[in-house]
A.B. asks: 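Here it is, the structure, as structure tokens.
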Amino acid sequence: MTDILMPALSPTMEEGKLAKWLVKEGDTVKPGDVIAEIETDKATMEVEAVDEGVISKLMVEAGTEGVKVNAIIAQLSAEGEAPKPKANGKAKAAKVDAPPQAVAETPAVEAKAKNDGHRLRAPEQKVAAAEGLHDPTLPEGVTYKKTAVRDALRDAIAEEMRRDERVFLMGEEVGQYQGAYKVSRGLLEEFGDRRVIDTPITEYGFAGLGVGAAFGGLRPIVEFMTFNFAMQAIDHIINSAAKTLYMSGGQMGCPIVFRGPNGAASRVGAQHSQDYSAWYGHVPGLKVLAPYDAADAKGLLKAAIRDPNPVVFLEHELMYGVEFDVPEVEDFVLPIGKARIRREGTDVTLVAHSRMVKFALDAAEELAGIGIEAEVIDLRSLRPLDTETVIESVKKTNRIVCCEEGWRFFGVGAEIAAAVVEHAFDYLDAPPLRVAQKDVPLPYAANLERLSLPNAQDIVEAAKKVCYRETE
Amino acid sequence: MAGKTGGAKVRKPVSEPQKADLIGFYRDMLLIRRFEEKAGQLYGMGLIAGFCHLYIGQEAVVVGVQSILEPDDQVITGYRDHGHMLAAGMTSRGVMAELTGREGGYARGKGGSMHMFSREKNFFGGHGIVGAQVPLGTGLAFSNRYKGTDAVCIAYFGDGASNQGQVYEAFNMASLWKLPVVYVIENNQYAMGTSIARASAETELFKRGISFEIPGEEVDGMDVLAVRKAAAKAVQRARDGDGPYILEMKTYRYRGHSMSDPAKYRTREEVQDVREHRDPIEMLKKKLLDAKHVTEDDLKKIEAEVREIVNDSAQFAQDSPEPDPAELWTDVLVESR
């Protein structure tokens, strides 16, 4: 005898009306036959037989309201000649908390074993530990080469493509045109069109194709001409790349780099000028990097390409042509997740990333002139975020100004200020302040654009404010 | 399926199905149907939650296509994916336990009905965003080409997904680069509650590749042998380096879009008519009996065997414990050190 239970139409349904029986006692039913109709305030649904047999008893009359989910509504007896499998659908009352017991067959065993060695510890209330992460020690007498950021990025890509056959570059104009911003100059000539792939203008499509290629065992570098256009592709960056490892119980890694210029360019208006740091920084399953100088651009891009996870690599158009010293060492790779202290100071901490680091350094210079020694922290990595370095600095300076090019609402500065308040509240001598873009779409007019974007002077003013010095 | 019809096959030519193959197709379709009915039952009991999209009625599509694939070919689909996983050789236990959100599931309970994967079986999901699997599958095909293998990717999607823009972005690149991908459109006539005539200006979906130079054809998706024949041709074409192909499978889903769909947008007569006249399992059953490949007793045995597998997986899915709370924090990132 098998019990037929009142089914739920939705996870929230608790009871319903048994509107109509479509079978009567003594009828033979087979799986898929509609036997009854049930109704809730929202919907009507048919109940199908799941087992084969004869309806021996209808327990609830048609038209009955308030029938509880999982109540027995009918009984089914197996037909004589049907072989009776041992677990034949003896419907059990729903029990959500099944007793734990040994699992006889676990399909994900392999994946599980692979990941056993490196379970993430719950980091929620802890200061992100960047301990043990160090920039490589450079050999004595190392020489440096003046390199523009764009060339440092190109060198990183070329070195990684030489090192690993699975690495390829795809995007709009990366090949024959040599890159919209000339980052991929010379790569087509060296690696050919199998590995340097010009795509149609189809961000959503090629981002998805790149993620699929990563699932297929390759290591794609997907270039967006700017991250503004990646908004069309953000579904694949987040839903397909960032979440799949988790949803697959660790089976489906997605080693891919999404890179391109981010933030304000110059006089290109609102749709071409936006900082996505906070957008991607928000998402678990991604790593997000935003280097400032050429050495970091090179060392972090190499790390990103080697990383087994999806990495969003935010460059800055206005930094591409700026030259910095890059150490001339073989295989210069930097750790992901470690901030760099660009200038030491005792009076106020200035936190910045990407191009804002330049403004923070300029501000520190000016502040030094009026006796304020600022410590400048270049975050470099936004996810994971090296909160530890920031907090240690605040414990020393007791004051912080968070600088970012994007909007302040729900921004990177808000996250850092919250972390500082949470972990170093007693050390603060002033409320944390934020310097950010004005809360408007970026205007085109030169004067309005200037007014909208944060600059060194804004940082100086904020630093003076947290130091309780006279401001202008 | 479940280890019964898998295994290495000789690569081309795809042979005419023999008696044992036909019986295998019958059994595989029946397993999917009984599995889905059981899933529906467990949903009704509150053991499966969230969205649960059943494949009942469409079994011939996946069984026919999978029957000609090699173990290194890849498969990717949308959220109506239970049938595809079983046909790809994933275990009923692992799939059902994922539906109940338990440790024994393919993603240890972290993916659920719409997000399941098996690296081992080259099953790449299980994707919840309508149409996402099309560029993803095209990317898998790209990886085959890049690595120089002759593996083919099958990207399944529905008539609903066929109106997503990203599908055409993928079509364009697949054709431009002659990627080894076969697009199988499972046209079950309804995108959730909207019939194809109400949603599509061009309802003959096999024509959707014309402006990308992708040929296509309409296939009776209720006839497992017709499906197999069409798939064999399309897959061979892709394997030979001649690029993508579109197979529009005319099929039908008997159940609602998901479990909470009252199905008010079509009549009971319409559903009943398909069930009575075009049911893929009944049609093959008749063929098997007419050709005297099987007796009624043989069929009963198959039925019993399938039921045993399904009941066992349902029991397993209830007995398997919920994932350890520590699982909350695992698999967010692959640790590289």
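Computed from a predicted model, the values in this text were never measured in an experiment. Lettering follows sequence order; numbering is per chain, from 1.
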A.B. asks: Quick one: OG1 on A/Thr244 to CG on B/Leu136, what's the gap to the nearest 0.5 Å?
C.D. replies: 7.5 Å
A.B. asks: Okay, side chain of B/Lys147, backbone of A/Gly217: is any donor-acceptor separation there less than 3.5 Å?
C.D. replies: no
A.B. asks: Heavy atoms only, distances under 4.5 angstrom: which of A/Gly253, A/Ala214, A/Pro200, A/Gly210 has the most pairs with chain B? Name it, please.
C.D. replies: A/Pro200
A.B. asks: Which pair of heavy atoms, one from A/Val167 and one from B/Tyr146, lies closest together, and at what distance?
C.D. replies: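 A/Val167 and B/Tyr146 have their closest heavy atoms at O-OH, 3.4 Å.
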A.B. asks: Determine whether B/Met173 and A/Ile197 make a side-chain contact, defined as any pair of heavy atoms from C-beta on separated by less than 4.5 Å.
C.D. replies: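 They are not in side-chain contact.
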A.B. asks: Between B/Arg34, B/Gln74, B/Glu169, which has the largest tally of heavy atom pairs under 4.5 Å with chain A?
C.D. replies: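 When all of B/Arg34, B/Gln74, B/Glu169 are compared, B/Glu169 has the most.
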A.B. asks: Could you check whether any side-chain heavy atom of A/Asp235 comes within less than 4.5 Å of a side-chain heavy atom of B/Ile129, counting everything from C-beta outward?
C.D. replies: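 Side chain of A/Asp235 against side chain of B/Ile129, heavy atoms only: contact under 4.5 Å found.
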A.B. asks: Just so I know, are the side chains of A/Lys243 and B/His115 near enough to count as touching, which here means a heavy-atom distance under 4.5 Å?
C.D. replies: no
A.B. asks: Heavy-atom cut-off 4.5 Å, strictly under: side chain, backbone, both or neither for B/Asn144 against chain A?
C.D. replies: neither
A.B. asks: For a 4.5 angstrom cut-off between non-hydrogen side-chain atoms, does B/Thr138 reach A/Phe206?
C.D. replies: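 No - every pair of side-chain heavy atoms lies 4.5 Å or more apart.
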A.B. asks: Closer than 3.5 angstrom, by distance alone: can the side chain of A/Tyr246 be matched with the main-chain N or O of B/Leu328 as a donor-acceptor pair?
C.D. replies: yes
A.B. asks: Under 4.5 Å from any heavy atom of chain B, what part of A/Glu203 do you find: side chain, backbone, both or neither?
C.D. replies: backbone
A.B. asks: Which region of A/Glu14, side chain (C-beta onward) or backbone (N, CA, C, O), has a non-hydrogen atom less than 4.5 Å from a non-hydrogen atom of chain B, or is it both or neither?
C.D. replies: neither
A.B. asks: Please confirm whether the backbone N or O of A/Leu245 pairs with a side-chain atom of B/Asp331, one donor and one acceptor, at under 3.5 Å?
C.D. replies: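 Pair absent, no side-chain N/O of B/Asp331 close to backbone of A/Leu245.
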A.B. asks: Please classify the contact of A/Leu286 with chain B as side chain, backbone, both or neither, using a heavy-atom distance under 4.5 Å.
C.D. replies: backbone
A.B. asks: Identify the heavy atoms of B/Trp177 and A/Asp198 that sit nearest to each other, and give their distance.
C.D. replies: CZ2-O, 3.5 Å
A.B. asks: Side chain, backbone, both or neither: which part of A/Val211 has an atom under 4.5 Å from a heavy atom of chain B?
C.D. replies: both
A.B. asks: Tell me, for A/Pro284 versus chain B, whether the close heavy atoms (under 4.5 Å) come from the side chain, the backbone, both or neither.
C.D. replies: both
A.B. asks: Sort out for me which of B/Glu98, B/Lys264, B/Arg255, B/Met116 touches chain A most, counting heavy-atom pairs under 4.5 Å.
C.D. replies: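 So the answer, after comparing B/Glu98, B/Lys264, B/Arg255, B/Met116, is B/Arg255.
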A.B. asks: Give me the atom names and distance for the closest heavy-atom approach of A/Ala213 to B/Ser143.
C.D. replies: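 Smallest heavy-atom distance, with atoms named: O-CB, 4.0 Å.
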A.B. asks: Quick one: does any side-chain atom of A/Gln251 pair with a main-chain N or O of B/Tyr106 as donor and acceptor, under 3.5 Å?
C.D. replies: yes
A.B. asks: Going by heavy atoms in the side chains, are A/Met252 and B/Phe124 under 4.5 Å from each other?
C.D. replies: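 Sidechains of B/Phe124 and A/Met252: in contact.
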